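Structure record follows, encoded as structure tokens.
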Amino acid sequence: MGKDTLTNREQEVVLAVLDGHTKLNDIAEHLGISYGTARTYMNRIYEHYGVHSRAELVATVKKSDTDKLLTLMERAVVALERIAGIVGG
């Protein structure tokens, strides 16, 4: 995988893809950037996530978000159990 985090603009491109903008022309127009810039961002995003298509990108991002949400929920349950005195600690 590439660098640890995406830039704000790269995140906007990912959000555009998740919102249904699947073609580079659509992404570029939606974000007010050139086709070449959109292509550069997509290449960086693919490298970051280790994917080769927009379909893979969407699946990977959705799974990653789900995993993060589950981790947060698990931590919340543990915290609530401690608060309620159910679990020692």
Side-chain angles (χ1 to χ4, degrees):
M1 300 234 180
K3 59 189 173 179
D4 290 340
T5 59
L6 296 175
T7 66
N8 289 340
R9 202 56 155 163
E10 289 165 347
Q11 291 174 21
E12 290 175 2
V13 171
V14 171
L15 290 174
V17 172
L18 292 173
D19 197 35
H21 298 277
T22 58
K23 298 196 183 299
L24 287 175
N25 286 337
D26 295 337
I27 294 167
E29 184 177 327
H30 178 71
L31 296 176
I33 59 178
S34 73
Y35 175 89
T37 300
R39 184 178 58 219
T40 297
Y41 285 140
M42 285 304 298
N43 288 337
R44 290 180 188 163
I45 291 163
Y46 281 9
E47 181 181 339
H48 175 83
Y49 285 105
V51 299
H52 303 288
S53 71
R54 285 169 191 68
E56 274 186 288
L57 174 63
V58 169
T60 299
V61 169
K62 286 184 177 182
K63 181 181 181 337
S64 174
D65 287 348
T66 300
D67 289 348
K68 288 177 186 174
L69 180 59
L70 288 174
T71 299
L72 288 173
M73 290 172 64
E74 289 167 355
R75 289 180 182 169
V77 167
V78 169
L80 289 172
E81 288 173 341
R82 285 187 179 151
I83 291 169
I86 296 171
V87 175

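Note that the coordinates shown come from a computational prediction; the quantities given were computed from them, not determined experimentally.
- One finds the CG atom of L57 at 9.5 Å from the NE2 atom of H48 (value rounded to the nearest 0.5 Å).
- E10 contributes atom CD, which lies 5.5 Å from atom CZ of R44 (distance to the nearest 0.5 angstrom).
- Annotation: the span from R39 atom CZ to T37 atom OG1 amounts to 9.0 Å, rounded to 0.5 Å.
- For the pair Y41 and I33, the minimum side-chain heavy-atom distance is below 4.5 Å.
- At least one side-chain heavy atom of L24 sits less than 4.5 Å from a side-chain heavy atom of R54.
- A donor-acceptor pair under 3.5 Å links the side-chain atoms of T40 to the main chain of G36, judged by distance alone.
- Shown here for L31 and R9, the closest heavy-atom pair between the two residues is O-NH2, 2.9 Å.
- Of all heavy-atom pairs spanning Y46 and S53, the tightest one is OH-C, 3.3 Å.
- A donor-acceptor pair is defined here as one N or O able to donate and one able to accept, closer than 3.5 Å; such a pair exists between the side chain of Q11 and the backbone of L6.
- The nearest pair of heavy atoms linking A28 to A38 is CB-CB, 4.0 Å.
- Taking a 6.0 Å sphere around CD of E56, one finds it holds more than 12 heavy atoms contributed by other residues, nucleotides or ligands.
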